[in-house]
Amino acid sequence: MSTEIKNEWPLWEIFIRSKQGLDHKHVGSLHATDAQMAIENARDVYTRRMEGVSIWVVESKFIHASNPSDAASLYDPANDKAYRHPTFYDLPDEVKNM
Amino acid sequence: MDTKTLIDYTLHLADNALIIGHRNSEWCGHGPILEQDIAITNIALDMIGQARNFYQYAAQLSGEGATEDSLAYLRDAIDFKNNLLTELPNGDWAQTVLRQFFFSTYQYFLYQQLQNGADKQLAAIAEKSLKEVTYHLRWSSEWVIRLGDGTEESKRRMLDAIDEIWSYTGELFIPVNFELLTIGDGISIDLSMIKISWDKKVKAVFEEAILPIPADTIWMQSGGKEGKHTEQLGFILAEMQFLQRAYPNSNW
Amino acid sequence: MLTFVSTAFLFLFLNRNNPNMEKGFEEIFQDKIDKEIRIEPKDWMPEKYRQTLIRQISQHAHSEIVGMLPEGNWITRAPNLRRKAILLAKVQDEAGHGLYLYSAAETLGITRDEMYAQLHSGKAKYSSIFNYPTLSWADIGAIGWLVDGAAIMNQVPLCRNSFGPYARAMVRVCKEESFHQRQGFEILLTLSKGTAAQKRMAQDAIDRWWWPSVMMFGPKDDESPNTIQSMKWKIKRFTNDELRQKFIDVCAEQIKVLGLVIPDKDLKWNEATGHYNFGEINWDEFWQVVQGNGPCNKERLETRKKAWEEGAWVREAASAYAEKRKQKQSLHAA
């Protein structure tokens, strides 16, 4: 059994563009021996109902993620910068198309 | 050319797709890994889809109340016109992918021609199916290479599979009546041309897989297209047709 | 409020080696769940939550995979080409669902191979319903209508469970699952309008699948000790008895369309409760099947093991080939 586990095919994260013009979106993961097989497996597993027009695959071990406990320092500072959002600015109704 | 001949040719195309689709469907739930279980089932689904298209056309040509199901479920082995290759047992994964590779290569070059054939309906089905077959060919080629050049065991199993299957490939290129009589009208395809492309593709993939092409002195089995099958087909039909036979004239 | 939580979290993170802090983490964790904020794989979570999820998700995944077998039996015998294609697509969907769920469990730090090992050794369970045999074509209809119907009752609320990857997998599963139940009902409907032999076949299937389907929701609430914690963690959103009642209420109406009978003489509309009353469930049978004494327990597990073991050389060869190619490529690049 231990050799079995050692030989497990690597895990890949799958990203699918559902329609031309949209971003690739993470849909899940699967196992494959290499990138090409991962793309083909993704085609068979995740686009059985015409869900995609383009597939990205990334071996899971190459994904680097932010640490959730850093969330405060990473994202909270953006909280008080409301001036980055268009609704922050109060303009008279006469101003059109802005 | 009479309609009967066109029907026979259409049934030949349909039977090929149905029988290999049926065989592949036997893998569903038993594949070597989940991802590939799904992959081979996709191929099975494609083949059954193709079979339905051809049967529906054959039924339309036949008239007399024929349907895709009466053609698939109520004919006996003697009337089935599929190549022997398609009815061979799945064996192990090596045998299944090799059978698929030989057959997909054949279908790929056949449909490429057929999509420009004189019969508009057959041409349309071939054109639609070619997209699927292109993928089957890619998938099965990759597996032949992977197993041929994988481990010692996988190589040995591929060699066994070649031994087991090779003699059923010759029949693909021997025309029978319904082909000889339709080729003049541009409906069926010159199989000697398909053979040239097939040989070339198989040679290229085998080279990459480091697998030997068997000697051309090997005796080739034939007869499937004329209703002379292996013992296998009878069992396939007994299983497949059981409900239609046991409960005749029922809706399902 | 959000700012407060994050700051608190930061504080706790900085003090993470302090054993007294565990409790603080747990409070924040529960607070997030109460506010319907999803937990993601890298977030802190109680070990018990992780273990419970691994068990629940892998059990669910195993059920999908083992569940392919009883229906798969009929792929080669489906009565016409349309049914053959539908059934094949459906069983394939189940493979896909198993895969989505294994993927979700893998985010919790267990590999698929480890989960398989647990299944094959008998340590991990799967839904007992798949230990019953499929004896006729009508069983494919009954499985679609009753078994998938019961599964959907369970699965729809799970689309909102607290663990992100599991919830997302369930959304995908539910979306695809919706045709499964309909195709099952359609099979039974066709049979119920057919010949006497077909009607008999349909009734026989419902007779055999009804009670096992009702048991699919698990033991009664007062005998289901983990329910309270699971509800609190929102990895279970309704109790077994709530879901069971809902299922029975729905089926009791749908059977009328089929003109067939549910095999429960106590099944009766109760004006006062607004629900159907139903008869006593045979819990002895339930526990016997869970413990491995169902008609097909052995057969199902053996079949899975066989497929896995016979596939070992294929998986090894594919790995070996990929490795060789990688080396060739790096040699080429150098």
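Residue numbers begin at 1 in each chain, while the letters A, B, ... track the order of the sequences.
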Most chain C-contacting option - heavy-atom pairs closer than 4.5 Å, from Gly148(B), Ala94(B), Pro32(B): Pro32(B)
Do you know which of Leu34(B), Ile33(B), Ile48(B), Leu243(B) has the most heavy-atom pairs with chain C at a distance under 4.5 angstrom?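 Max contact count across the listed options: Leu34(B).
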Does atom CG of Leu74(B) have more than 12 heavy-atom neighbours from other groups under 6.0 Å away? yes
Per-residue contact mode, Ile236(B) against chain C (heavy atom under 4.5 angstrom): neither
When the 4.5 angstrom heavy-atom criterion is applied to Ala72(B) and chain C, the contacting part is side chain
In terms of heavy-atom pairs under 4.5 Å, which option from [options] contacts chain B the most?
options: Ala317(C), Gly98(C), Ala320(C), Ala307(C); value: Ala317(C)
options: Gly194(C), Ala85(C), Ala322(C); value: Ala85(C)
options: Ala95(C), Ala197(C), Pro79(C); value: Pro79(C)

Excluding sequence neighbours, so at least two apart, what forms side-chain contact (heavy atoms from CB on, under 4.5 Å) with Val171(C)?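 Testing Val171(C) for side-chain contact (heavy atoms from CB on, under 4.5 Å), a comparison that skips the adjacent residues, returns Cys159(C).
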At a 4.5 Å cut-off on heavy atoms, which part of Leu69(C) comes close to chain B: side chain, backbone, both, or neither?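 Side chain of Leu69(C) only, per the 4.5 Å heavy-atom cut-off to chain B.
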Check whether Leu191(C) gets within reach of chain B through its side chain, its backbone, both or neither, counting any heavy atom under 4.5 Å. side chain
Donor-acceptor table for chain C and chain B, threshold 3.5 Å:
unit_1, atom_1, unit_2, atom_2, d
Thr76(C), OG1, Glu239(B), OE2, 2.4
Ala78(C), O, Tyr73(B), OH, 3.2
Pro79(C), O, Gln244(B), NE2, 2.8
Asn80(C), O, Tyr73(B), OH, 3.3
Leu81(C), N, Asp69(B), OD1, 2.9
Arg83(C), NE, Trp252(B), O, 2.7
Arg83(C), NH2, Trp252(B), O, 3.2
Lys84(C), NZ, His22(B), ND1, 3.0
Gln92(C), NE2, Ile38(B), O, 2.9
Gln92(C), NE2, Asn42(B), OD1, 2.9
Arg112(C), NH1, Glu35(B), OE1, 3.0
Arg112(C), NH2, Glu35(B), OE2, 2.6
Gln198(C), NE2, Asn251(B), O, 2.7
Arg304(C), NH1, Gly29(B), O, 2.8
Arg315(C), NH1, Pro32(B), O, 2.7
Lys324(C), NZ, Asp149(B), O, 2.9
Lys324(C), NZ, Asp149(B), OD1, 3.0
Lys324(C), NZ, Gly150(B), O, 3.0

Go through the steps for Ile206(C) and Leu258(C) under the test side chain to side chain contact (heavy atoms under 4.5 Å, CB included), then give the verdict. CA-CA 11 Å; Ile206(C) 292 171; Leu258(C) 295 175; 4.3 Å; yes
Given side chain to side chain contact (heavy atoms under 4.5 Å, CB included), test Leu101(C) with Tyr166(C) step by step and report yes or no. CA-CA 7 Å; Leu101(C) 289 159; Tyr166(C) 187 23; 3.7 Å; yes
Kindly write out the residues that satisfy side chain to side chain donor-acceptor pair (under 3.5 Å) with Gln59(C), not counting sequence neighbours, or none if the list is empty.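 None.
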Between Ser213(C) and Ile129(C) the two heavy atoms that sit nearest each other are N-CD1, 3.6 Å
Please give me the minimum heavy-atom distance between Leu260(C) and Ile255(C), naming the atom from each residue. O-CG1, 3.1 Å
Quick one: does Phe185(C)'s side chain get under 4.5 Å of Val257(C)'s, heavy atoms only?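 Result yes, sub-4.5 Å side-chain heavy-atom pair found.
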Nearest-0.5 Å distance that lies between atom NZ in Lys125(C) and atom CG in Asn297(C): 8.5 Å
Worked check of side chain to side chain contact (heavy atoms under 4.5 Å, CB included) between Ile65(C) and Leu119(C): CA-CA 11 Å; Ile65(C) 300 311; Leu119(C) 172 70; 5.6 Å; no
